[in-house]
Amino acid sequence: MKPEFKGKHFITLDDWKKNEIERLLEVSKIMKQKFHNNEDTTFLKNKSAFLMFFEQSTRTRNSMEAGIAQLGGHGNYLDTSGMQISHGESAKDTAIILSSYGHGIACRNCFWKIGNKFLREMAEHSTVPVMNLQCDLYHPMQGLADLMTIQEVYPKTQNLKVSVIWAYATTHKKPISVPLTQILLFPRFGMDVTLAYPEGYDLPEWAIVKAKKYAKENNGTFTITHNIEEAFKDADVVIPKNWGSWVNNQSDAVVDELLESYKSWKCTEEMMALANKNVKYMHALPADRGNEVVDSVIDGDHSIVYQEAENRLHTAKAVMAMTMGDK
Ligand code: CP
């Protein structure tokens, strides 16, 4: 398999043309088939990827680390607290050095107003592809896996009703990168996207403008509501998930008065009953069970969260195989 997008950075799917995303999805499908058939996928023999994490991770770290091993290469897991970055070494110097040692640099940095800038600075100076493992704005690996999962269930996505819904959670102040990636990606595939959130949990205005533009260009729709029932009504896919009030309030505090006033924004059986009878429930995980969603929904027949999580492996392998290659 040729690295058709060799050297292309993977920081946001917005930098990737629709046909390029479709090609990544085709390759992800091939990776999935080969994985389940125990077929060889060593397309990146002896290649190294550096996997830098400023934050915790289960799916992203392990899909990348297992993925590069299955591609015949090696992933160096780097907890950035053990790197000289923690003493102030720059993104530029880190990128120049790591790219002189290997074939790809991947990084998770979700700090508000810092993460995406850090990745962009690395990309500017890296001679190998820089892959975003989630920043303050985007989570393209998750977006690609989400789209793959939706297409597995609904091969035709034109005018599919997909609702990205804010939900109450207290585990941590989550980034906005998952919903922001979804509202920028799904309208490009003709879906009728509804974004639902209570007052105070806005996504950036520039992203809303873009989402509307993409919906228009692709004969879909993009609607905002502050009514949770409206978002569930007749939906084919619901994605109820928490995100922090970063746009309006940059405090790191997890629980505050505003959050506590929206405890009722939860995915329950009553909400699911408003949706299409074959509705699918998705969540990037980890979920705050009992707060974002009741167990009977996430563990129930409508839930495709484990399929969605598994697809993180296949999409990660596709991105690495298509962007990394010989020096
Ligand atoms: N969905 C996701 O990115 O999971 P992790 O935080 O566990 O990597």
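Note that ligands are numbered from 1 as they come in the structure, with each ligand's atoms numbered from 1 the same way.
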Nearest neighbour in protein (non-hydrogen) for atom 7 (O) of ligand 1: Thr58 N, 2.7 Å

Looking at the rings of Trp166 and Tyr201, which for Trp means the six-membered one, are their centres under 6.0 Å apart? yes

Please list, in number order, the atoms of ligand 1 under 4.0 Å from a heavy atom of Arg312. 1 (N), 2 (C), 3 (O)

Find out if a path of hydrophobic residues (ILVMFWY) with successive side-chain heavy-atom gaps under 4.5 Å connects Leu203 to Met282. yes

Considering only heavy atoms of Ala284, which atoms of ligand 1 have at least one such atom less than 4.0 Å away? 1 (N)

Counting only N and O atoms by type, is there a donor-acceptor contact under 3.5 Å from the side chain of Asp79 to the main-chain atoms of Ser81? yes

Give a yes/no on ligand 1: does Arg108 have at least one heavy atom closer than 4.0 angstrom to it? yes

Is the backbone of Asp14 close enough, under 3.5 Å, to the side chain of Lys210 for a donor and an acceptor to pair up by distance? no

State whether the shortest distance between N or O atoms of Gln56 and N or O atoms of ligand 1 falls below 3.5 angstrom. no

Residue-level breakdown please: for Val178 versus ligand 1, do any non-hydrogen atoms fall below 4.0 Å on the side chain, on the backbone, on both, or on neither? neither

For the rings on Phe118 and Phe54, is their centre-to-centre separation under 6.0 Å? yes

Select one of side chain, backbone, both or neither to describe which atoms of His139 lie under 4.0 Å from any atom of ligand 1, heavy atoms only. side chain

Can you get from Ile150 to Val305 by hopping between Ile, Leu, Val, Met, Phe, Trp and Tyr side chains that sit under 4.5 Å apart? yes

With only distance considered, is Thr60 within less than 3.5 Å of ligand 1 through an N or O on each side? yes

Could you state whether Tyr197 and Phe186 fall into the same hydrophobic cluster, counting links through intermediate Ile, Leu, Val, Met, Phe, Trp or Tyr residues with side-chain heavy atoms under 4.5 angstrom apart? yes

In ligand 1, which numbered atoms sit nearer than 4.0 Å to a non-hydrogen atom of Leu285? 1 (N), 2 (C), 4 (O)

Closest protein heavy atom (residue, atom, distance) for atom 4 (O) of ligand 1: Arg59 NE, 2.8 Å

